[in-house]
Amino acid sequence: MNKIVEFYAPGKIIFGPGGLSQVGVEAKKLGSIALITLGSSAMRKSGTLDRLIHLLIENNLKYVIYENIPSDPTVETVDSGTSVARKGGCNLVIALGGGSVMDTGKAISAMVTNEGSVADYQEIEGKGRKLNIKPIPFIAIPTTSGTGSEATRNAVITNTKLGLKKSIRDLCLIPEVALVDPELTLSLPPGITATCGGDALTQCIESYLGKKSQEITDALALHAIGLIGKSLVKAVKDGKNLEARENMAMAALLSGLCLSNSGLGAAHALSHPLGVYYKIPHGLSCAVLLPYVMEYNLPIVTKKLVKIAQSLGEDISLLSETEAAQKAVEKTKEILSQAEIKENLLEWGIKEKDFSQLIKDAKGGSLNNNPRNTSDEDLIELLCKITGLY
Ligand SMILES: [Zn+2]
């Protein structure tokens with residue numbers, strides 16, 4: 001390997017069933033007044049929020065709650081959360097939720113110390129401002145196994161004024177602590193389990209195949225792909241299967257480490273505009289695009305696809321290299337279909353007249369990292385495949 005690589009991870013990763021019990025002790029090391037970011041009422045109803053608060057109080061911390069964060073957080077979501085944190089004198093952010101809640105918490109932790117609106121810092125045509133001041137500490141506690149935001153350096157925020165979904169990105173955004181407790185995912189409904197798992201799988205495969213892939217994340221990605229192959233369908237069919245939940249939580253965490261250090265690809269590039277224009281959940285569009293993108297990339301990354309097939313437990317001993325690579329695509333399709341993810345997005349009514357705008361908005365870092373370069377015609381063909389119209 002003839003290149004210099006770098007690898008960044010959260011300051012501390014705590015992983016395991018019951019891990020939530022550590023939050024008070026960890027929080028105490030980092031601050032005294034926590035802003036807790038939350039989504040809808042699931043964490044309140046399950047009693048998890050009460051447990052979190054109890055653990056904070058036990059360690060003499062105060063807290064302020066910022067809740068009802070929508071599934072696609074906007075610039076306004078972050079800016080108003082930042083005001084709440086500043087007013088409450090918060091010197092620590094704890095996110096308890098899925099990717100949107102973690103991304104919001106992460107962005108708020110930076111905006112508390114940096115001036116202006118989060119919109120000023122978004123990666124829009126490379127114009128985003130740099131975060132000059134260190135954010136307040138951030139603890140990420142994922143409650144879905146999907147985005148891997150607990151391990152990444154970016155937060156995806158929707159800019160409704162510009163009609164774009166773009167990241168703020170900086171090494172200082174990597175959480176101080178990623179606290180991953182698989183027990184928190186036991187009550188996740190099958191549909192969300194499937195799409196979040198599909199997102200994690202897409203993240204692992206895209207970072208593994210991508211131009212910026214490197215040995216450290218390659219090892220993590222292949223291991224995570226194996227875990228997902230073994231456990232996604234089990235977690236969807238039987239949510240209370242703790243071993244499957246543990247495997248999915250680990251895979252999601254690893255997928256975050258992979259994407260943050262080695263980037264993504266065409267499935268993620270197209271998923272962002274599909275989320276903005278059609279409100280298609282991120283994990284769903286990624287999962288539907290994934291096999292088509294793998295197939296598109298096959299001629300360039302044949303050997304790597306063979307490794308993916310092996311990680312997914314396929315016997316490739318009697319196959320040619322191309323056949324074995326094709327097996328990775330087929331097995332991925334099979335896993336996603338057993339997880340009840342449809343093979344196209346027909347019901348979302350994607351229109352051909354929107355293709356040129358979708359393609360324009362898909363351009364950027366993820367697309368540039370795709371192993372096979374894409375022309376507009378190639379992207380149109382991918383979109384045709386997922387619409388289910390052709
Ligand atoms: Zn993703």
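One-based numbering, in listed order, for ligands and for the atoms of each. The figures here come from the full heavy-atom set of this structure, side chains too, leaving out hydrogens, waters and symmetry mates. Note that the numbering runs from 1 along the sequence shown for the chain.
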- Query: Would one find more than 12 heavy atoms of other residues, nucleotides or ligands at under 6.0 Å from atom CD of Glu243?
  - Reply: no
- Message: Counting backbone and side-chain atoms alike, is an N, O or S atom of His268 positioned under 2.8 Å from the Zn ion (ligand 1)?
- Response: yes
- Item | Cation over ring face, Lys304 and Tyr208, 6.0 Å, 45° | yes
- Message: Quick check: of its N, O or S atoms, which one does Asp199 have closest to the Zn ion (ligand 1)?
- Response: OD1
- Task: Please work out the angle at the Zn ion (ligand 1) defined by atom NE2 of His282 on one side and atom OE1 of Gln203 on the other, rounded to 10°.
- Result: 150°
- Task: Check the hydrophobic clustering (I, L, V, M, F, W, Y; side-chain heavy atoms under 4.5 Å; chains of links allowed) and say if Leu35 and Leu131 are grouped together.
- Result: yes
- Message: Check whether Asn114 reaches the backbone of Ala110 with its side chain - one donor and one acceptor, N or O, closer than 3.5 Å.
- Response: yes
